[in-house]
Each structure stands twice: as structure tokens, then as C-alpha cells.
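What follows is a short report on a single structure.
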Amino acid sequence: MANLEELLGQRLKSAFEAVAGTSVDPLVRRSQHAHFQSDAALPLVRKIGGNPREIAAQVVAKAKLDDLCSSVEISGPGFINLTISDDVLGQLLADTLDDDRLGVSQVEAPETITIDYSAPNAAKEMHVGHLRSTIIGDAAVRLLEWQGHTVIRQNHIGEWGTPFGMLVEHLLDIGESEAAHELSVGDLNGFYRAARTKFDADETFKDRARKRVVLLQSGDETTLRLWRTLVDESKKYFLTVYSTLGVRLNEDDFFGESYYNDQLQSVLDELDELGLLRDSEGAKCVFPGDYLNRNGDPLPIIVQKGDGGFGYGATDLATIRHRLRNLHATRLLYVVGLPQHQHLEMVYETAREAGWLAPPARAEHIGHGSILGSDGKMLRTRAGISVKLVDLLEEAIIRASAVIAEKNPELDEETRAAVARAVGIGAVKYSDLSTDRLKDYVFDYDRMLSFEGNTAPYLQYARARICSIFRRAGIAPDRTIDTLVIAEPAERALALELLGFGTLISEVAENLEFHRLAHYLYGLASTFTSFYEKCHVLRAEGDIRQSRLALCDLTARTLALGLELLGIDAPNQM
RNA sequence: GCGCUCAUAGCUCAACGGAUAGAGCACUUGACUACGGAUCAAGAGGUUGCAGGUUCGAAUCCUGCUGAGCGCACCA
């Protein structure tokens, strides 16, 4: 079953085209003045002339709408206002009732989509700077997979390059088993800092570190083994953080920089053959597009450094080529902070110039802003260092636990711990995903953990409350009923909100603006509580009771599904 | 210097070029013999940073300016 926007759109489109004699987007959307409105008559005047109200009238006369609408009116300068009949609402809702996908079908043309996200650095702590990429990337994975796409997760961890000379030497100094221990318990900062301190203070150590880098890059077996220890322990640690966070990243998703090592020379050669490579100040570079540096000179991506080594430029190019050529991705998503925008655009441009990236394939930078403290500056600890991600998550869970203990003392310890986790982590994720990802946002535990307003706890509570209706009544939802009775304004409002889910999902899958999904869910929850105040469910009888129970069921399932797509758990009680 | 992102109610945030710019928090006022009040209803709160332009119509698009954050060669 198509959704309402599509249904109305199809009917109006053909009518518009009959009137205009040209292709027309009927511009159907939700309206404050009716259920839906079509705005297409007004812009059409620019193309074909005439009076917009008259055009609208002709369209309305031609369009078959009487089986869907109880009212079709032309209003203002030429808006077409559409009111859906209660029967249709009831019928459409009944159709979604017995569908696990709530009436939203899988995409007709599934793509292979790579998503590059999270990307922490081995032997370094995960901090708030990794939070947004990890959360947004995970939501993208969930949504696009649910739509039926083949999604390939790419955790491009930083585990190669000059710092590893110093880290390997430090590992040797303190002993392998001690190092593995430190890393496995998550003291990555301590380990890195100790190495760094020695590197800065001790010339002998610095010299060892430099030599170790050479050994590493030349493939020395012992060095590689030590390096691998560092990387493996870091990965184990990252997986515990992902587990706490509840994101779908696992061992198989690590494709770090070293994964591309044996492709770098080939990238260089290929760019050279294509004539894209130029020598510049001793380095081999590509100069995509017309980017300039601060001196007004063309800005390069350095493919091979002056010392013969490969840097991130080469790796990033190898990565995009691999995703296109070997993984056959047609949509490449990079969930990376805004500061890297220019670099990524240069990588895409290079890939286009090399002929690797060509339609229908496209690469998109899913950029995001920063997380700020209450002072409006980048979130940091009092000491001025970046906040450990695990500490931030722990704090959220502890605070959630306190709130829940206060609000519902009857929950047993085990349930409370589980709910606190869902609420605490959910609050952190939701506060991130519910704001426009391009903007910075202020991190505030009190606000995100509030049960009022546009927060995860409010949505989780709204759903838990619905679960309790069925629990209290001792019944299971009946998903076989033929149609729903929609009569009260509050029922109608809820029905329309529920039926808007499919359209919303396809929009968000396109623009990956998850705050739209968040706001939809909040609107749904608000509409539901309003309905719940006005329309008694269990006290109603017969078809009305049955219909209202079905509305409750659909709301609970839509909330749960929407939250799940955002990566947020919805406990049955809290 | 070049470029990117942002600027909306006191605060935190919404608004495919569409009708009277919407929510939440805080504030004011109502509603509890309660299907979980962890709620709901209502009120007040705005020159959408400034100035032009395009358009039947601009918070949205274009130009300039102001302000904030960030990026611009061998780190990623």
C-alpha cells in the first residue's frame, strides 16, 4: 500500500499534466489548513500563464479524488486543500496493522552503500569527538539496511604512520604483557601520553622511535607483531565502547589505514598514467578542482611525500577507489566532521577526474558540527582535555539510574539497571540526532534526561505507557481487524500522524537529516498523549475500543521502530 | 587572502520557495475518585544578525556587510 502523499500525488500529477500539458510535480505535503495541500498551481503560472485559482479548479475537476477525500477545496491564491475521509484513514491503518514494516515497503532498487564512520585512532582514547560520527553513522546503517540496501560498514581506524614508532618503542619499554594489560583495561590515554612524553623529552627514545617507523613500514616481522598487539588491544577496547553505546560496529568492520597499504603504489601509478600526477616541492601531488592555499597557489592532495612515504592523501584515494571498484558501491557516505569538508571534496574531485567516481555512483560528505559545553565552546574537561567517551556514557547512565530510582522505586534492581542503560544512552544519542547535524549543539545532561520536551526519555515513556495499557487490560494487540473507526478529532490527528511515517522515512534516507525523524517521533508521541487524554481506550466498547487499541498498538510500534532506527532502545516498562 | 559552516522567542531547537514563522524548557493560568499526572489544555513571548535584490510569495534563493566557529602542503 502506497502512502497517502504518494497516492494523492499520483492522482494530482496526472490531472495537473492533463491541464498543463507538461510534467508537473504536484507538491503534496501536510497542511495546517487541511490534511494535505497541493501547491503546484502557483508555480505553474510562470510556465504556462493563466490564473492559478482557475488552474487549480481545472485540476480538481479532472482528478479522481472522491474515493480518498471527503473534501477538496481551493483556497487562497490557488492552494488545493485535501481532506482525507475517515473511512480511508481507517482502512489504511488496518492495512498497516498486520505488517511488520508498518506499511513501509523496501526500496525497489537496492544499492550497495558504504558508510565510513566512527574512525578512532588506535592506541588513543575514544573521546567526544568520535561520538557524533559513531551515532550518526550507526543511524544511517540502521535506516538504510532497513530500507533494503546492502550496507557496508567501514570503520577507518587510524593505525598506521609515524606515531606508531614511538608507541611500539614504549610498548617494548614497559613489556608486552603490561602494555596489553594497560590497553585492554582502556587506559589508552595513559599509554599514549607516556610514549609522547618520552618522545618529547628523550633524544635517544626519539631516535629509536624514528628507526622503528622505518622498520614498521619496511615490513619487519617483529615490529609488525608488536604493532599488531597495539592495534588488536585497541580494537578490543573500541568494541567494548561500541557495546556500551549499542552501535552495530564489530570486528569485521575495521578497515584501517593499513588495509590499503598494498594499494597505495598502484593508486600512485594509476594517477600518473592518467596524467593527473605532478611533482611539487619534492612531493607527488594531484591538484583537483581549483582549490587554493593561503598563498593563492593551487592546493594539492599529496599522494607521495617528499621522503617517499605515503600519507593520508594516498590512503583516502585508495579507499575511495576500493569502494567503487571492488565493493561496487554506488553511494559512498563519509560521516566526518565539517572541518574535513574541503579535503573530502578534493578526494571526490580527484576520484571523478580519475574516472573512478561516475554516475550513478556518488560520494556524500555527511558532515556534522561539534559538541559544545555549557560555555559554548568545544566540550572539554575542567583540565582542558577532551572528555573520554566512556566517562561521558557512564555519567549519563548513572544520572538516568538516579532519575528512574526516584520516579519508579518499585522497579527491581536488574530492571532498573537495564532501563537506566536504555534511557541514559538513548538520551545521549537522541540529543545528538534530534538537532540538525550541521550545527554545533550544547551537551546538557539535565536537558537530555528530562522526561519533558523533545527527549529520548519522553518518547520511551510514551511507549512504555502504551505497553502498560495492554498489560493492565491483560490483552494482546489484535492485528487482524478489518478497519478502524476514526471519528474523534484526536483519533483523526493520530491517524494522519501514523500514516506519515513512510514518507518521512524515505526523505530521511535521502538527506540523512535524522533530526527530522526525531521530530516526527516527538510529534507522534505528543499527538498520542493528547489522544489518550481525550479518548478513553479501555473504557470504550466494541469497535471503538478495538480501534483505539489498534491506534495504541500502531503508535507503540511506530515509536519503537523509529527509535530503533535511531539506535535507541525502548523498554517495555520504566 | 581564499574557502566552508552557522546566526530564528529569555534559553535549547524546528520550519521540501508557500497561507497567521512553530515546539520544548522557563514563566502565567486551568484540569486529578488517575486506562502510569513521568500528563494534558490554554496564555504570554518574534523587525528570522544588517542592507539590498529575484519572485505572485523569502527565515529559506542571489549579492554585499557584521558577528561566531573552522579549514587551507608532506598530521588525519
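Sequence lines set the chain letters: A, B, ... in the order given, protein chains first and strands last, and positions in each chain run from 1.
Between the C1' atom of rC56(B) and the CG atom of Leu44(A) lies a distance of 14 Å, rounded to the nearest Å. If you take CG of Asn155(A) and P of rA76(B), they are 17 Å apart, rounded to a whole angstrom. Nucleotide rC35(B) holds its C1' atom 10 Å from the CD1 atom of Ile475(A), rounded to whole Å. At whole-Å resolution of the value, NE2 in His368(A) and C1' in rC70(B) are 13 Å apart. Spacing between atom CG of Leu449(A) and atom P of rA38(B) amounts to 17 Å, rounded to whole angstrom units.
Of all the residues in residues 502-509 of chain A, not one reaches under 4.0 Å from RNA chain B with any non-hydrogen atom.
rA21(B) and rC16(B): their P atoms are spaced 15 Å apart (whole Å). Taking atom C1' in both rC27(B) and rA68(B), the straight-line distance is 30 Å, to the nearest Å. Atom P of rU63(B) sits at a distance of 42 Å from the matching atom of rA26(B), rounded to the whole Å. The separation of rG10(B) from rC72(B), taken at their C1' atoms, amounts to 38 Å, rounded to a whole angstrom. For the P atoms, the distance linking rA73(B) with rG24(B) amounts to 48 Å, nearest Å. rA14(B) and rU60(B): their C1' atoms are spaced 13 Å apart (whole Å). A gap of 10 Å separates the P atoms of rU8(B) and rC13(B), to the nearest Å.
Residue ring and nucleobase are stacked for His536(A) and rC35(B), with a centre distance beneath 5.5 angstrom and an angle between planes beneath 30°.
With a 6.0 Å cutoff to the six-membered ring centre and a 45° limit on the axis angle, Arg278(A) counts as a cation-pi contact of Phe287(A).
With hydrogens and angles ignored, a donor-acceptor pair under 3.5 angstrom links the side chain of Gln37(A) to the base of rA19(B). The base of rA73(B) sits with one of its N or O atoms less than 3.5 Å from a complementary donor or acceptor on the side chain of Ser280(A). The base of rA76(B) is paired with the side chain of Tyr312(A) by a donor and an acceptor separated by under 3.5 Å.
Just one of Arg323(A), Gln154(A), His365(A) meets the side chain to side chain donor-acceptor pair (under 3.5 Å) condition when paired with Asp116(A); it is Arg323(A).
For Leu42(A), the side-chain contact (heavy atoms from CB on, under 4.5 Å) test picks out Pro52(A), Pro77(A), Phe79(A), with sequence neighbours left out.
Ring pair Tyr334(A)/Tyr348(A): centre-to-centre distance below 6.0 Å. For Phe443(A) and Tyr445(A), the gap between ring centers is short of 6.0 Å. In summary, the aromatic rings of Tyr117(A) and His368(A) are positioned with their centroids too far apart to meet the 6.0 Å limit. When ring centroids are compared, His322(A) and Phe255(A) stay outside the 6.0 Å threshold.
Between Phe528(A) and Phe531(A), the ring planes lie tilted relative to each other; the angle falls in the 30° to 60° range.
Side-chain N/O atoms of Tyr458(A) include none lying less than 4.0 angstrom from OP1 or OP2 on rU39(B). Using a 4.0 Å cut-off, no side-chain N or O of Ser370(A) falls inside it from OP1 or OP2 of rC70(B).
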Review item, nucleotides 10-17 of chain B N/O atoms under 3.5 Å of protein N/O:
unit_1	atom_1	unit_2	atom_2	d
rU12(B)	O2'	Arg447(A)	NE	3.3
rU12(B)	O2'	Arg447(A)	NH2	3.1
rC13(B)	OP1	Val442(A)	N	3.2
rA14(B)	OP1	Asp436(A)	N	2.4
rA14(B)	OP2	Lys439(A)	NZ	2.9
rA15(B)	OP1	His515(A)	NE2	3.0
rC16(B)	OP1	Arg516(A)	NH1	3.1
rC16(B)	OP1	Arg516(A)	NH2	3.4
rC16(B)	N4	Arg29(A)	NE	3.3

